[in-house]
Amino acid sequence: MSLIKFLLNQEMREETDLSPNVTVLNYLREHLGKNGTKEGCGSGDCGACTVVLGEREGDHIRYRTVNSCLTFVSTLHGKQLLTVEDLKSRDGRLHPVQQAMVDFHGSQCGYCTPGFIMSMFALSKNKPTAQKHDIFEALAGNLCRCTGYRPIVDAAKAIAEQPQLVDQFSTYEAEILAKLDQIETDALVTLNGNGNVCFSPVSSDELAHLLMEHPDAQLLAGGTDLALQVTQLYRELPKMIYVGNVGDMKQLTEDEQQLVIGAARSLNDSYDALSRVFPDMGELLERFASLQIRNQGTLGGNIGNASPIGDAPPVLMALNARLVLRKGDERRELPIGDYFLDYKKTAQQTSEFIEKIIVPKPTANQCFKVYKLSKRLDDDISAVCGAFNLTITNDVISDARIAFGGMAAVPKRASACEQALLNQPWTKATVKVAMDALSGDFEPLTDFRASKEYRTKTATNLLYKFFLEQQSLQLETRVTSYV
């Protein structure tokens with residue numbers, strides 16, 4: 001099918017001759033004249049361009065925020081797109097979220113306001129009785145220079161305190177679902193325009209066939225990194241394959257031994273399982289990026305872009321995760337540590353793609369911890385990300401897996417540090433020796449995020465911090481058992 005079809009609010013739209021490089025932001029402003037959605041940074045950092053996508057989930061519509069500056073129109077097929085203009089009721093009254101912003105004086109210059117309103121709208125739909133933490137999480141990806149956030153947070157609290165928010169989207173939900181059901185979503189979709197093309201397969205078999213046929217195509221998952229080539233570097237992406245509609249690669253399965261996560265599953269959809277099995281990874285995901293980014297970004301994409309400062313790879317290395325790589329009908333498993341060869345260079349072959357990530361569950365006596373150092377607490381890139389996974393039996397370290405991001409051209413394990421810990425007593429003296437070994441494991445660079453001296457010092461200090469925290473936990477456990 002050489003077109004994409006989606007709902008713009010409740011209006012059915014088809015696009016047959018449009019460059020797949022067009023972002024939703026530019027589509028709204030330049031093609032439709034809908035200027036409520038603003039461009040702030042063009043890189044997914046400020047949230048001024050936030051829009052909401054709706055998709056069927058069972059008998060209801062699930063709403064999620066995304067950065068329209070990083071979302072290509074070619075990814076909209078089968079979805080509902082909502083902007084700030086769409087929130088007012090059919091009789092012209094402001095939406096309750098919009099009215100709350102007025103009542104609590106949440107807008108000054110107004111430039112960021114549409115993005116905040118869309119984030120608050122999605123929050124009201126997904127968590128109608130949102131608590132303070134939920135509000136902060138939902139708004140963390142929206143920046144404002146004027147209000148100091150208090151009136152905006154007050155507006156969000158007021159919405160959460162309403163007994164039941166009724167709007168045109170809840171009233172006409174069945175009608176919207178019926179329109180979405182009219183769109184065929186179980187067949188390959190292609191969008192062509194301006195000499196560029198984007199394919200949207202619906203199964204991993206179809207994806208594998210397309211990559212064999214088009215080995216020069218770039219894979220598009222959440223687009224939170226790839227889209228920057230268009231928005232920041234002004235490059236053309238002549239051929240893309242969008243994996244966001246590949247249903248079997250969006251699944252997560254679990255047994256007693258492991259989690260198996262489809263490479264196209266969003267970070268936010270992976271959160272519940274990962275945070276339950278690995279609480280520390282759950283905390284990291286909350287700081288991974290904004291909710292808008294986590295709604296789009298995928299674990300497979302974070303690995304596949306091979307960034308030395310990606311947060312997932314060092315954590316997955318410490319957890320001994322494996323990748324399932326597929327080329328045509330052939331699959332192979334690869335330890336994630338063997339995937340990264342050099343800066344932005346991986347072991348992935350032409351026409352090969354990451355299909356799944358296999359993460360072993362923790363074993364007895366395993367101690368796991370993740371630390372992220374960044375200039376800003378929320379929605380910021382790591383200067384250093386350290387993951388520590390030790391198995392301690394009778395106060396002796398029987399296994400050690402320690403990995404860092406931001407310390408080398410690739411995510412990398414601290415091999416000398418690990419050797420200094422193995423089969424040694426879990427004591428301060430052992431840790432001090434391992435800290436010295438860790439200092440020689442890396443030769444980090446100096447950049448605008450941190451100096452090489454800062455990175456080296458903090459990496460070693462994180463190991464000591466891990467030791468102190470584990471000692472505290474062990475003491476607390478002993479006291480509790482005694483009591």
Side-chain angles (χ1 to χ4, degrees), residues 55 57 62 64 201-208 211 219-226 241-289 291 293-307 310-327 331-340 346-348 352-363 366 368 370 372 385 387 389 401 403 405 411:
E55 296 180 80
E57 190 172 83
R62 178 190 178 188
R64 57 190 178 96
V202 296
S203 70
S204 56
D205 289 343
E206 205 168 51
L207 170 60
L211 267 177
L219 288 182
L220 169 65
T224 58
D225 185 70
L226 183 63
I241 300 177
Y242 175 54
V243 301
N245 292 328
V246 179
D248 54 309
M249 284 176 56
K250 297 173 71 174
Q251 303 301 312
L252 185 151
T253 59
E254 178 179 358
D255 59 28
E256 293 182 359
Q257 284 76 41
Q258 61 193 18
L259 297 175
V260 181
I261 305 170
R265 187 178 180 86
S266 76
L267 293 166
N268 200 42
D269 286 344
S270 305
Y271 173 82
D272 286 345
L274 286 170
S275 61
R276 173 173 45 80
V277 179
F278 309 104
D280 240 49
M281 191 169 186
E283 291 184 22
L284 175 70
L285 283 175
E286 289 192 357
R287 294 185 55 200
F288 203 97
L291 188 59
I293 296 293
R294 299 202 308 271
N295 280 334
Q296 290 181 276
T298 65
L299 203 57
N302 195 250
I303 297 166
N305 69 25
S307 170
D311 285 337
V315 178
L316 294 172
M317 282 183 181
L319 292 174
N320 200 24
R322 308 184 306 280
L323 305 180
V324 176
L325 299 173
R326 179 172 178 180
K327 180 177 181 179
R331 293 178 175 87
R332 62 180 175 131
E333 281 193 21
L334 187 70
I336 188 171
D338 295 339
Y339 179 75
F340 304 100
T346 72
Q348 194 167 308
E352 194 172 41
F353 62 96
I354 303 172
E355 188 175 37
K356 300 173 184 176
I357 301 100
I358 301 172
V359 189
K361 286 186 173 180
T363 58
Q366 187 169 299
F368 173 67
V370 180
K372 173 173 177 169
C385 182
N389 190 7
R401 299 186 66 87

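Only this structure's heavy atoms are used, side chains among them; waters, hydrogens and symmetry mates stay out.
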Side chains of R294 and T224 in contact at under 4.5 Å (non-hydrogen atoms): no
Least distance between heavy atoms, G223 atom then L220 atom: CA-CD1, 3.5 Å
Side chain proximity check, R331 to K356, heavy atoms < 4.5 angstrom: no
Partners passing side chain to side chain donor-acceptor pair (under 3.5 Å) against T346 (at least two apart in sequence or in another chain): none
Main-chain N/O of G282 paired with E286 side-chain donor or acceptor, under 3.5 Å: no
Y339/L325 under side-chain contact (heavy atoms from CB on, under 4.5 Å): CA gap, chis, key distance, verdict: CA-CA 10 Å; Y339 179 75; L325 299 173; 4.3 Å; yes
side-chain contact (heavy atoms from CB on, under 4.5 Å) assessment of E283 paired with V370: CA-CA 9 Å; E283 291 184 22; V370 180; over 6 Å; no
F288 vs N268 side-chain heavy atoms within contact, under 4.5 Å: no
Smallest separation among heavy atoms of M317 and P411, with atom names: CE-O, 3.0 Å
Residues that N389 engages under side chain to side chain donor-acceptor pair (under 3.5 Å), provided they are two or more places apart: Q366
Heavy-atom closest contact (L219 atom, L226 atom, distance): O-CD2, 3.6 Å
Under 3.5 Å, sequence neighbours excluded: what are the donor-acceptor pairs made by side chains of residues 255-262?
| from | atom 1 | to | atom 2 | distance (Å) |
| --- | --- | --- | --- | --- |
| D255 | OD1 | Q257 | N | 2.8 |
| D255 | OD1 | Q258 | N | 2.9 |

Considering all heavy atoms, the nearest P313-N302 contact: CD-OD1, 3.3 Å
Salt bridge (charged side-chain N to carboxylate O under 4.0 Å, His left out) evaluation trace for R276 with E254: CA-CA 12 Å; R276 173 173 45 80; E254 178 179 358; 2.7 Å; yes
CA sep, side-chain torsions, deciding dist, call: L267, L299, side-chain contact (heavy atoms from CB on, under 4.5 Å): CA-CA 6 Å; L267 293 166; L299 203 57; 4.0 Å; yes
Steps toward side-chain contact (heavy atoms from CB on, under 4.5 Å) verdict (M249, R326): CA-CA 12 Å; M249 284 176 56; R326 179 172 178 180; over 6 Å; no
Minimum heavy-atom distance G244-K250, with the two atoms named: O-NZ, 3.0 Å
